[in-house]
Amino acid sequence: MLRVLSGLSLTKNSILILVSTSLVFVSTSIFLKWLRMCHHFKKRKIPGPRPIPILGNFHHIIKRGMPYNDLAMIKKYGKTFGYFEGSTPVVETTDTQLLKSILIKDFNLFINRRVIEAINFEPFDHFLTLIKDDEWKNVRAILSTMFTSGKLKSMSELMINCTNELNKHFKNLTDGDGIFYVRDYFGGLSLNVICSCCFGFSIDSIKEPKNEVIVHIKKFFFDSLTKDPKFILLILFPKFANFLRQKNILEIIPKDSMNYLKALISEIIERRKNKLEFRDDFIQTMIEHEQIMTEENKSLPESEKKLSKTLSPAEIFSQAVMLLLAGYETTANTLGFIAYNLATHDIYQEKLIEEVDNVLSNYNGKISYESISEMKFMNMIIDETLRMFPPAIRTNRIASQDYEFNGMMIEKGQMVVVPIWALHYDPVIYPNPEIFDPERFNEENKRNRENSAYMPFGIGPRNCLGMRFALIEIKLALAEILSKFRFERCERTPEKIEIDSSGLARPKKPIVLRIRNRF
Ligand code: HEM
């Protein structure tokens with residue numbers, strides 16, 4: 001820089017004046033921006049903490065971790081408050097009436113989610129989770145055809161193959177000391193299920209964690225949203241991060257892994273289109289939808305043809321990667337937390353085993369889509385675990401118009417964050433929220449609670465599309481495991497689970513348990 005300036009044949013004095021003028025200019029703009037930030041929420045009658053220049057209030061999230069920061073802020077500022085992530089204003093609320101309005105009643109004014117500029121490129125730009133307005137409505141309608149009861153029933157057969165494999169691995173474990181890391185086994189199961197139902201191929205990621213496909217797929221998973229400098233940059237300086245990405249200085253997903261997966265999926269799509277292979281899975285449904293639409297198009301007048309929406313191969317690839325990201329870790333972590341809750345609460349584990357045995361005795365011991373739907377106590381165990389450990393700590397919506405609620409103004413373009421975790425720990429709704437109590441989810445207690453007080457899968461028209469898929473997978477796995485084994489604590493089992501600051505509900509210390517043969 002100095003060399004450039006001296007190339008302009010400036011004297012030392014003029015360089016000094018130039019540098020100090022720039023410094024004064026930069027610090028004045030930072031100061032003025034900070035002043036505006038300090039008044040931003042006051043003007044809109046929304047309480048909240050005072051921001052600091054550049055970081056806003058993001059340093060609290062980094063320091064405390066996302067769920068614990070949400071709880072601390074609610075305690076201090078009430079159910080609805082405003083704060084800054086860098087210079088981005090955020091409104092956060094656990095007010096169940098406001099949540100109901102935003103997520104259900106006035107959903108048409110809050111259809112979209114936040115999109116971080118630097119990750120708005122292929123394949124992320126077509127993700128159902130990130131697309132907007134009419135494009136979202138179209139694609140959601142297409143993808144919903146993959147989750148009908150008929151399709152789910154059919155896919156449950158693929159899931160059962162995976163849970164059978166998991167039980168073989170558990171059997172091998174019980175020949176030794178039975179001690180295992182839940183992440184390795186349930187992460188493996190979840191990846192096997194997603195690959196089988198979504199990408200259309202079978203793998204055994206528990207036996208072969210170093211398999212080429214698995215190694216590339218794992219590169220798509222981000223490590224820690226609030227510790228990784230790359231993601232802090234994305235949140236705090238989205239424009240700068242986008243610039244660095246476009247200049248190939250910041251790599252979000254390694255190129256070799258992206259190209260590998262693209263080639264793999266393109267090959268699968270080609271084979272399916274040429275009818276060389278058939279499998280009743282997500283990719284097949286997306287391709288068939290395209291073929292049905294193409295056939296229908298033939299009979300339409302030219303002017304109407306473009307109205308029919310089909311997914312291009314690039315969009316199919318994009319949705320396949322999205323389903324992997326949305327479905328892998330969420331389901332794996334849930335199974336891990338359930339196993340932990342069962343191992344540490346004997347009474348509930350025995351009650352659940354009794355239910356599994358009773359129901360299966362009516363089905364000749366066969367675990368199936370039908371038999372698991374009769375396991376009601378299992379639902380209560382899953383619901384309470386998802387209350388305590390909702391895998392998505394937060395979700396969000398963007399206001400498409402100015403919106404007034406109880407004298408508060410939510411402006412057009414404002415992001416509203418729903419802190420799912422913090423909502424589930426509201427002691428007024430869930431007394432002693434730290435305690436695992438499946439009875440919170442018996443029919444009577446459920447009836448007496450607002451729907452918007454429990455949302456591990458979100459609520460409203462843009463809730464989790466894979467909810468039923470995930471619940472079937474979890475129930476099939478639990479029934480399979482508990483029909484033969486039980487979970488126990490071991491010396492390395494943590495006394496209490498703390499969540500790391502990754503932005504997803506990941507345990508800080510790995511969960512280690514023992515599995516024992518029941519017979
Ligand atoms: C225990 C497992 C899971 C949990 C707790 C979970 C939770 C969530 C949550 C909280 C949302 C945001 C909802 C909202 O904003 O209202 C979401 C969205 C979504 N999830 Fe899941 N999820 C799970 C598993 C899955 C699976 C297995 C799939 C697919 C195979 C999936 C696909 C999706 C999709 C596509 C969306 C975006 C929906 C849209 O924008 O229209 N999820 N999920």
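As the structure lists them, so they are numbered: ligands from 1, and atoms in each ligand from 1.
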Any luck finding a side-chain donor-acceptor pair between [X] and [Y] under 3.5 Å?
X: D95; Y: T80; value: no
X: T385; Y: N341; value: yes
X: E85; Y: Y83; value: yes
X: E135; Y: N138; value: no
X: T331; Y: T334; value: no

(request) Please work out whether the ring planes of H424 and Y430 are parallel, tilted or perpendicular, with thresholds of 30° and 60°. (result)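 Correct class here is perpendicular.
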(request) Quick one: sort the F147 and F469 rings into parallel, tilted or perpendicular, breaks at 30° and 60°. (result) perpendicular
(request) Output yes when the distance from some N or O of ligand 1 to some N or O of N396 is under 3.5 Å, and no in every other case. (result) no
(message) Is there a polar contact between ligand 1 and T331, counting only N or O atoms under 3.5 Å apart?
(response) no
(message) I want to check a possible cation-pi pair here: K351 against F377, using under 6.0 Å from ring centre and within 45° of the ring axis as the test.
(response)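 Yes - K351 lies over the ring of F377, closer than 6.0 Å to its centre and within 45° of its axis.
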(request) May I ask you to establish whether R387 and Y454 are in a cation-pi arrangement, using a distance under 6.0 Å from NZ or CZ to the six-membered ring centre and at most 45° from the ring axis? (result)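 No, R387 and Y454 do not form such a contact.
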(request) Please report the C-alpha distance between E288 and R272 in whole Å, then the side-chain angles of each, then the deciding distance to 0.1 Å, and finally whether the salt bridge (Lys or Arg N to Asp or Glu O under 4.0 Å) criterion is met. (result) CA-CA 9 Å; E288 277 170 14; R272 300 288 181 90; over 6 Å; no
Under-4.0 Å heavy-atom contact with ligand 1, by part of [X] that carries it:
X: I420; value: side chain
X: M322; value: side chain
X: L128; value: both
X: T334; value: side chain
X: R140; value: side chain
X: M455; value: neither

Could you tell me, atom by atom, which parts of ligand 1 come under 4.0 Å of a heavy atom of [X]?
X: F469; result: 27 (C), 30 (C)
X: W136; result: 39 (C), 40 (O), 41 (O)
X: T129; result: 36 (C), 37 (C), 40 (O)
X: N463; result: 13 (C), 16 (O), 38 (C)
X: R113; result: 12 (C), 13 (C), 14 (C), 15 (O), 39 (C), 40 (O)
X: P391; result: 5 (C)

(request) Please collect all side chain to side chain donor-acceptor pair (under 3.5 Å) contacts where either partner lies in residues 462-472, sequence neighbours excluded, each pair once. (result) R140-N463, S149-R468
(message) What protein heavy atom lies closest to atom 10 (C) of ligand 1? Include the residue and the distance to one decimal.
(response) P456 O, 3.2 Å
(request) Identify, for atom 16 (O) of ligand 1, the protein heavy atom at the shortest distance, and state residue, atom and that distance. (result)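 Residue, atom and distance for the closest contact: R397 NH2, 2.8 Å.
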(message) Using only atom types and a distance under 3.5 Å, with no angle test, would you say the side chain of R449 pairs donor to acceptor with the backbone of R440?
(response)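 Indeed, once roles are kept as given, a pair shorter than 3.5 Å links the two residues.
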(message) Do the side chains of R44 and E411 get close enough for a salt bridge, i.e. N-O under 4.0 angstrom?
(response) yes
(message) So that I can tick it off, tell me whether K509 and E498 are bridged by a salt bridge, with the cut-off set at under 4.0 angstrom between side-chain N and carboxylate O.
(response) no
(request) Please indicate how many protein N/O/S atoms are found closer than 2.8 Å to atom 21 (Fe) of ligand 1, with waters neither displayed nor included. (result) 1
(message) Taking a cutoff of less than 4.0 Å between a non-hydrogen atom of the residue and any ligand atom, is E473 in contact with ligand 1?
(response)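 Not so, E473 does not reach ligand 1.
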(request) Report yes or no: does a heavy atom of L471 sit under 4.0 Å from some atom of ligand 1? (result)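 Not so, L471 does not reach ligand 1.
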(message) Quick check: F41 with Y77 (ring centres under 6.0 Å apart)?
(response) no
